[in-house]
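Throughout, protein chains are lettered first and strands after them, A, B, ... in sequence-line order, and every chain is numbered starting at 1.
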Number of protein chains: 2
Amino acid sequence: MIKCVKCGEVDAIAKSGIIRGKQRFYCKRCDYYFTQPSLLSPETHHHRRHQTTIMDIASALQISKSTVSRALQGHSDINANTRKAVLDMAHQLDYQPNLLALGLAKSRSFTLGIIVPEFINSFFPYIIIGAQQVANPAGYHVIICQSNESLDTEIANTNVLMASRVDGVVASVTAETKSLDHFHKFQRAGIPLVMFNRICDGLDVSKVLVDDYDGAYRGVEHLIQQGCTRIAHLAGPQNLQVGKQRLQGYLDALRKYGLPVYDELIVYYNLTKTSAQAAARQLLELPTLPDSIFAVNDPAAIETILIAKSKGIKIPSELAIVGFSNEPTSALIEPGLTTLAQPLDEIGKTVVQLLLHEIESEDDVLVPRTEILKTQLIVRGSSLRKPLVS
Amino acid sequence: MIKCVKCGEVDAIAKSGIIRGKQRFYCKRCDYYFTQPSLLSPETHHHRRHQTTIMDIASALQISKSTVSRALQGHSDINANTRKAVLDMAHQLDYQPNLLALGLAKSRSFTLGIIVPEFINSFFPYIIIGAQQVANPAGYHVIICQSNESLDTEIANTNVLMASRVDGVVASVTAETKSLDHFHKFQRAGIPLVMFNRICDGLDVSKVLVDDYDGAYRGVEHLIQQGCTRIAHLAGPQNLQVGKQRLQGYLDALRKYGLPVYDELIVYYNLTKTSAQAAARQLLELPTLPDSIFAVNDPAAIETILIAKSKGIKIPSELAIVGFSNEPTSALIEPGLTTLAQPLDEIGKTVVQLLLHEIESEDDVLVPRTEILKTQLIVRGSSLRKPLVS
DNA sequence: CTGTTAGCGCCTTCAG
DNA sequence: CTGAAGGCGCTAACAG
């Protein structure tokens, strides 16, 4: 017994077609169409939304859904008129393919996952933009996951990407990440993975890096050329390659130029702002101040500048500073921060290119590749004690 | 019968381990390793990956997949032992539910879409973080789409979200966006939509905004209290509510305090950096300079500061400046930028709360709600001509 | 060139 | 408490 949803009428009800596999009714008394509320679980019809499917197009055109499917895919074996009719109808009905169904049927989601540790600084956003510029034209969407510098969130993100059945993943880890167990599952499932920028040891995958060692070396060399001799290093976490490589570049530059290495001039921080401030303070409260600081990245260098200024230390005459990454802020602060620019756009593009290569490769055995990109020294006021030698 | 992929040999084939869940073979004749091409669709074996399914768990345990499904969902009608066995096996096999299949079956993706115009400035990232803090605990994932300030990309993003069958969308539009036709499809499909920050007219949806009018008014009032009388406005696009509201707040503050409104002191920009520079230059090259500028946002204010400094104009004595949004950079630049802070985290949380409310509402007719959050005036050096009255 | 059929992984009835 | 069966929307053989 069907009751009108609106007026409660029972007798004047007529059937009126089927929508989404559900019988539709018409109440003659109050002129109202309705579908029978689900008998099975009346309380779960959250939203009665409907997005058009190939079935809608098919029945509108009185053809089979296979034909619609083929027309939509630009299959060659199809009548030009049929195709046109299908495309027109699709447009008219605002058709958008259901990616969930598509992915399920093809066992490919055409989605890439991007895991970054944070996106408050513009470093990773620029990389993501580059990544999208390669992924989108190739027909892939992108799910962006940011881990908030938390290992737990990073692990959760890997699970989300697994569950979303992404076709590939590019990732840069948090400062906390020491083990890469949670990334192994991509490999076990045969999902290609490319790491970039922040990596740690123990994963045999393709990588896109900048030459951190070389950049650090040149940054420190620049300080030496400016006459600095007591050069400190505000170093990054040593579980990350970046941290290690930049420290090594610093050390080698000192050695190369015959400068002593003082342990108290090397302090570490964990990539958080407060930690940067603590580390900077530690350096600037030494009995004998360094005459310059090479910071592992710009945010740390900027905190150092702020603290130095608050202590009345003159930059660059009393303290020269070099950072790493060329954040937009680094050009704004006074004095401008000398730093090593990274080709962010290119990192993003390269990392997705490598990934797509692996995804679309027919080979069973993929040899991981590593791309190393160059950095560029950008000299600004924070380190400029003498005119630049050109 | 296995045939060598390379030479067609049938007899001299040996098994050689399993790669990615697929048997690998070795042809002794031509010394060639290969995996057996998929029998069903030889040309489509893009990747032979396999992620474990409930079926895998079921057959490992010799039970039906329905039981596995129920156990995994924490259904009550299930034997405690069975459940434990299932959960253990799921863990052991690294099971992750297939979100594509789940979404297809339930007609809900448990995914929210976020559309932002850009994420280079930290404004939107902070909002996104707030949004995730509400979405994730509620069991929703988030797809972040950034439109790169391009209308075309924005339209593409709406299509992606439609195709991904997101359960709801929160969006902030680009500076180019004048019509909201591409957002109507969400409404047609019954997908809840909440707009925030950058909105334009013509869409009857829930909104989360800050009190732009009030903020602008107070910013200008502050300048007046500092003794400024010839106050310029570097205004935003007038297709956006923010642009209009902040302009109105500026105008009303002037009127309230009996100051004249000069047309040449109001210039517009389109939210790009170059446009900000052009607008700032226009103001700073007037025959009679303004004594202060209220900029529609911090990036514009910062460009103005840079150009003023390059022209040798003293800030704040010759030119006082007030921005809007409190970007992190605004605290770093010299002098510090006076600005109106927005509660970014709260915006993000509120916008998702409204959205979830609509998604989970049982009502057919939802009355759009508008939440207006307050801004906070942060006074820094760029506007401080007199000691603050406390 | 087109329709039919089976299946992707999961949930959800309906019967035991 | 558990299994069988059907369907979510789409693709891809397989027949005509």
What is the distance, rounded to the nearest whole Å, between atom CZ of B:R83 and atom P of D:dC1? 9 Å
Nucleotides 8-10 of chain C: which of its N/O atoms have a protein N/O under 3.5 Å away?
| unit_1 | atom_1 | unit_2 | atom_2 | d |
| --- | --- | --- | --- | --- |
| C:dC8 | O2 | A:L104 | O | 3.4 |
| C:dC8 | O2 | A:A105 | N | 3.2 |
| C:dG9 | N2 | B:A101 | O | 3.3 |
| C:dC10 | OP1 | B:Y95 | OH | 2.8 |
| C:dC10 | OP1 | B:N98 | N | 3.3 |
| C:dC10 | OP2 | B:I54 | N | 2.6 |
| C:dC10 | N4 | B:K65 | NZ | 2.8 |

For the helix from C:dC1-D:dG16 to C:dG16-D:dC1, what angle lies between the axis at the first five pairs and the axis at the last five pairs, to 10 degrees? 50°
Between the side-chain atoms of A:S66 and the base atoms of C:dT4, is any donor-acceptor pair under 3.5 Å? yes
Residue pairs fulfilling salt bridge (Lys or Arg N to Asp or Glu O under 4.0 Å) with at least one residue in residues 87-100 of chain A, sequence neighbours excluded: A:K84-A:D88, A:D94-B:R188
State, to 0.1 Å, how close B:L102 and B:P97 come at their nearest heavy-atom pair, and which atoms those are. CD1-CB, 4.5 Å
B:K185 to B:H182 - nearest heavy-atom pair and separation: NZ-O, 3.2 Å
Whether A:T67 contacts C:dG3 is assessed here as follows: a side-chain N or O lying under 4.0 Å from the phosphate OP1 or OP2. Is that the case? yes
How long is the line joining CD1 of A:I63 and P of C:dC1, in whole Å? 14 Å
Considering all heavy atoms of both residues, which atom of B:T177 and which atom of B:S179 are nearest to each other, and what is their separation? CG2-O, 3.4 Å
Between A:R83 and A:A71, the two heavy atoms sitting closest are CA-CB, 4.0 Å
Report the distance from atom CE of B:M162 to atom C1' of D:dG9, rounded to the nearest whole Å. 15 Å
Between B:Q73 and B:S69, a side-chain donor and acceptor under 3.5 Å: yes
Looking only at heavy atoms, which two atoms of B:H50 and B:D56 are closest? And how far apart? NE2-OD2, 2.9 Å
If you compare all heavy atoms of B:A131 against all heavy atoms of B:V352, which two are closest, and at what distance to 0.1 Å? CB-CG2, 3.4 Å
Taking atom types as modelled, find out whether B:N98 and B:Q51 have a side-chain donor-acceptor pair closer than 3.5 angstrom. no
Of all the nucleotides listed (D:dA5, C:dT2, C:dC14), which has the minimum atom distance to the side chain of B:R70? C:dC14
Interatomic distance, A:Q62 CD vs C:dT2 C1' [rounded to whole Å]: 15 Å
For the pair made of CG in B:L72 and C1' in C:dT12, what is the distance, rounded to whole Å? 15 Å
